[in-house]
K.L.:
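Please read through the structure below; I'll follow up with questions.
Order of the sequence lines fixes the chain letters, A, B, ..., with proteins taken first and strands second; residue numbering starts at 1 for each chain.
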Amino acid sequence: MSDELRTKLIKLKLVSCVGWTTSDELYSCSEDHQILRWNLQTSETSLAVKLPEDLFPIDLHWLPKTVAGKKQAQAEIFVLTSTDGKFHLASKMGRIEKSVEAHKGAVLAGRWNYDGTALITAGEDGQIKIWSKSGMLRSTLAQQGSPVYSVAWGPDSDKVLYTSGRELIIKPLQPSAKVLQWKAHDGIIVKVDWNSVNDLILSGGEDCKYKVWDSYGRLLYTSSSHDYPVTSVAWSPDGEVFAIGSFNTLRLCDKTGWSYALEKPNTGSLFSLAWSADGTQLAGACGNGHVIFSHVVEQRWEWRGFEITLTKRRTMQVRNVVNDAVDILEFRDRVIKASLAHGHLVVTTSLQCYVYNAKNWNTPLIFDLKEGSVSLIVQAEKHFLLVDGAGVYVFSYEGRLISTPRYPGMRTDILNAQSVSLSNDTIAVRDKSDEKVVFLFDALTGKALGDGKPLTHKMEVLEMALDQCGPSSERKIAVIDKNRDLYLTSVHRLNKENNICKIGAMVHTMQWNDTANILCGIQDNQFTVWHYPSAVFTDKDLLPKTFCTKDASEFSHEPHILNYVGTQVTVRRGDGSLVYSSVSPYPTLLHEYSASSRWEDALRLCRFAKDQSLWACLAAMAMSSRELTTAEVAYAAIGEVDKVQYINFIKDLPSKESSAAHILLFSGHVQEAEAVLLQAGLVYQAIQVHINLYNWDRALELAVKHKTHVDTVLGYRLKFLQDFGKEETNKRFVQYAEGVEVDWEKIQAKVEMELAKEREKAASSVRSSVAYKR
Amino acid sequence: MAKDPLNEAGLHFDELNKLRVLEPEVAQKTTELKEECKDFVDKIGQFQKIVGGLIELVDELAKEAETEKMKAIGARNLLKSVAKQREAQQQQLQALIAEKQMQLERYRIEYEALSKVEAEQNEFIDQFILQK
């Protein structure tokens, strides 16, 4: 990625600040008391306001478009701060509606909060004041001895970040809440910015460095020293990149800090930078009186054999690496977002959405967008999802609107690739107001899944991803929480407890494969591939055997997995370089075989590959499909003798109900097993299950409830107590022991009878049973 | 020679027999003097003109010398600033080079990773063929 520059018009005096109204209109203020309006579509420049001679503007900020949930076509008023200690509210037409005496000395910064209900100003006098939308003083948030050069609102507009000499301070609006303060730079900090989407803080100072921090004040990146002080910083609205301005310098950086591009325009110091709302254009206020405009170009997307580059603002080049064929795609308007996956390229411009099939680059499918500013595209195999300021939409690749999921309090402007996940049948969206909650929707109807209750994790969710393959009833979601633990759960069984299983710790990043339900992630300093993560639901002990790890030192620090396509994992290292890693193709094949129940082929594959983890996967897959013969072979291959024995025991069970129950028991689902048995009328077997598990209370309860085998339970209990030389302490057992006599012969006879009864019953439906076993 | 009574009275006759108060010799000398004086005045006038031209010329020269001097000073300053400009340009180019080098390093790492993947895949293919 790099940026293309255009400087525009010479104004004689220093330009102090710039601000976008729409994606094509910019206002700039300069020291010659002029506010100019720049129209980029017509390349016209006109004088918007001629300010009074004694007014020297410092900062300009437009009121956000979305005010209190209501949407406006464009920004209507802006705040202008000046050297005489006042701030001014001015309309789009240039009329100054109100001037307010705010500070002693210059007002150095003025910023609206995200919903446009409050304004914050910072002055040379070291005070930070909060004002209502109409310019009434609400409170003085802070007071210090040195000037405050820059302020920024936190993502939820409940915190304020400001500079204090070399330190940064985060102060919540609530008076009692804790203030966070840390030394950030070796020189005075000039500019700060806080992104609402990724919650990261950017600071630039006179020590000629820029730094990236998280919202807890932890340093994530520090740049090398530049030749001149950093005079401006700005996050792009989607939080993927940011821009840095210095003397004759403009730099475009990734959110992790490394630099995409550096330009050395002849501009003097860049005093202020502003991104347009769609994140494709950047304007800068230059010390020598220019206004600089730049566009992000040379963005690249890769998928299998295709490499797509945004060569100009409206042109893309598609290169097929396999045969070196090149196609040029032209668009009517500026490209805003694009995504390439699952054989389709989705491109959005300011007005339209283009869908290309990788087989045919000549005839795209084009449909109009309601609102131009698409902020996110997520693709799945059968459809894709667009996020714009108003909502979330699922479209088919034929351009048909499938659904528009929504939940109360949805804020689409802050959704990013980590907080939205899409599969062929399910959409998952992480809530912003409570980050523990993940909303799940049916992709085809847009309605909430199951009983409508969202998935609530015990910790804040940082990242989540839906698996991409297999039937929708087995859809799984992988979740990374704040402790960096990786959990797996099914999206359809949320009402039942205890089915969210931890499968990894210290996981920084993860990604599902696009063709099989294989998960890869970077765990601490290990690169891990979970060949069959669902194994955790069938046999927990098997999970460690089903994943393979390798050293991740080649990925250096802070790697991020971009995609996992076929057998290739693409990782972006912390320094920005792409690293590829190939994964064995066998697990994918195995997934295919098990999905189509070709167990013979699966066995042959495992014998051929001679890989323990493959055998373990097969064991888990076979067990979850209740394919006992294959499971037995697989368990034998990995030396799990006890499991083999248990499987043999299950195979010998007389009725299909009890074998089904024991398969459930095998996976540790005691309650379900009991339910299956009771439903089939096998009360004794249910009791026996609990006796075997030393689950005495439940066993007795069942026995009493069904008025049978109370003596059996008591007998086994007695035997157990004798074996361990203990006294009966359980009150209920003491109570029942008084009324019931334990006679082992009688018990044996009764058990025999029960088993005979079961056999008899099974024999009557022998055909189905045989068919089932096969 | 007999004295002319007229002469004694201070009256003389000239060659044209006109009556004169001055002696003819004196009169002649006076005339000569007058002529010479006229000549002299003419010459002085000419001289003045020549000198005036000269002064003008010198002035012009002085002016030209002054402008040349200014030019020289300007050029000298420019030279000095060019050195500085070059330095700034060099600095800029240096920064751009550093940027490109970083990009190159990234590409190198990417290339290495891809080579490794290629080697792995080749190995896998070999193994696959061998086992078959």
Side-chain angles (χ1 to χ4, degrees), chain A residues 1-3 208 223-228 246-254 257-267 298 300 302 321 527 550 554-556 559 562 566-586 589 604-605 607-611, chain B residues 63-132:
Chain A
M1 228 196 285
S2 69
D3 50 359
C208 309
S223 75
S224 58
S225 192
H226 287 60
D227 300 324
Y228 302 99
S246 176
F247 178 75
N248 278 358
T249 306
L250 178 63
R251 198 184 263 281
L252 181 72
C253 304
D254 187 77
W258 58 276
S259 148
Y260 277 112
L262 172 73
E263 291 286 341
K264 288 280 186 181
N266 194 13
T267 55
E298 293 280 316
R300 276 170 63 197
E302 283 176 12
V321 180
F527 173 70
K550 67 181 180 187
E554 59 174 322
F555 302 139
S556 79
L562 289 183
T567 60
Q568 183 169 282
V569 182
T570 312
V571 179
R572 173 85 73 186
R573 294 193 348 175
D575 62 0
S577 43
L578 290 170
V579 180
Y580 303 89
S581 186
S582 64
V583 176
S584 156
Y586 295 133
L589 279 174
R604 212 173 311 135
L605 176 75
R607 284 188 188 120
F608 174 75
K610 297 189 189 78
D611 182 8
Chain B
K63 238 187 229 166
E64 247 166 69
E66 197 63 31
T67 47
E68 285 304 317
K69 209 165 84 186
M70 287 315 287
K71 264 189 199 165
I73 291 172
R76 199 158 59 197
N77 284 348
L78 213 62
L79 200 68
K80 270 187 201 161
S81 78
V82 159
K84 265 191 193 147
Q85 252 180 37
R86 286 271 171 271
E87 219 170 89
Q89 251 172 13
Q90 200 182 357
Q91 206 180 32
Q92 290 197 356
L93 289 175
Q94 222 59 322
L96 289 174
I97 289 171
E99 188 71 18
K100 293 278 177 233
Q101 242 156 7
M102 250 153 66
Q103 186 60 39
L104 180 69
E105 177 63 17
R106 286 202 280 265
Y107 282 138
R108 194 188 59 76
I109 291 167
E110 189 173 340
Y111 175 74
E112 265 177 21
L114 281 172
S115 309
K116 217 168 123 189
V117 168
E118 191 192 6
E120 270 171 28
Q121 282 179 352
N122 278 336
E123 196 185 333
F124 177 78
I125 290 168
D126 288 345
Q127 228 175 17
F128 196 76
I129 291 169
L130 263 175
Q131 280 189 4
K132 247 183 187 165

K.L.:
Which bit of A:Phe247 is near chain B, if near means a heavy-atom gap under 4.5 Å: side chain, backbone, both or neither?
P.N.:
neither

K.L.:
With a strict 4.5 Å heavy-atom criterion, list every residue of residues 105-121 of chain B that contacts chain A, or say none.
P.N.:
B:Arg106, B:Tyr107, B:Ile109, B:Glu110, B:Ala113, B:Leu114, B:Lys116, B:Val117, B:Glu120, B:Gln121

K.L.:
Contact part of A:Tyr228 toward chain B, heavy-atom cut-off under 4.5 Å: side chain, backbone, both or neither?
P.N.:
side chain

K.L.:
Could you tell me which of A:Glu554, A:Arg573, A:His226 has the largest number of non-hydrogen atom pairs under 4.5 Å with chain B?
P.N.:
A:Arg573

K.L.:
Can you find a pair of side-chain heavy atoms, one from B:Phe124 and one from A:Ser582, that are under 4.5 Å apart?
P.N.:
no

K.L.:
Out of B:Gln103, B:Gln92, B:Glu99, which one pairs with A:Leu262 under the side chain to side chain contact (heavy atoms under 4.5 Å, CB included) rule?
P.N.:
B:Glu99

K.L.:
Just distance, no hydrogens or angles: give the donor-acceptor pairs under 3.5 Å from side chains in residues 73-90 of chain B, sequence neighbours left out.
P.N.:
residue : atom : partner : partner atom : Å
B:Ser81 : OG   : B:Leu78 : O            : 2.9
B:Arg86 : NH1  : B:Gln89 : OE1          : 2.8

K.L.:
Counting only heavy atoms not in B:Lys100 (residues, nucleotides, ligands), do more than 12 fall under 6.0 Å from its NZ?
P.N.:
no

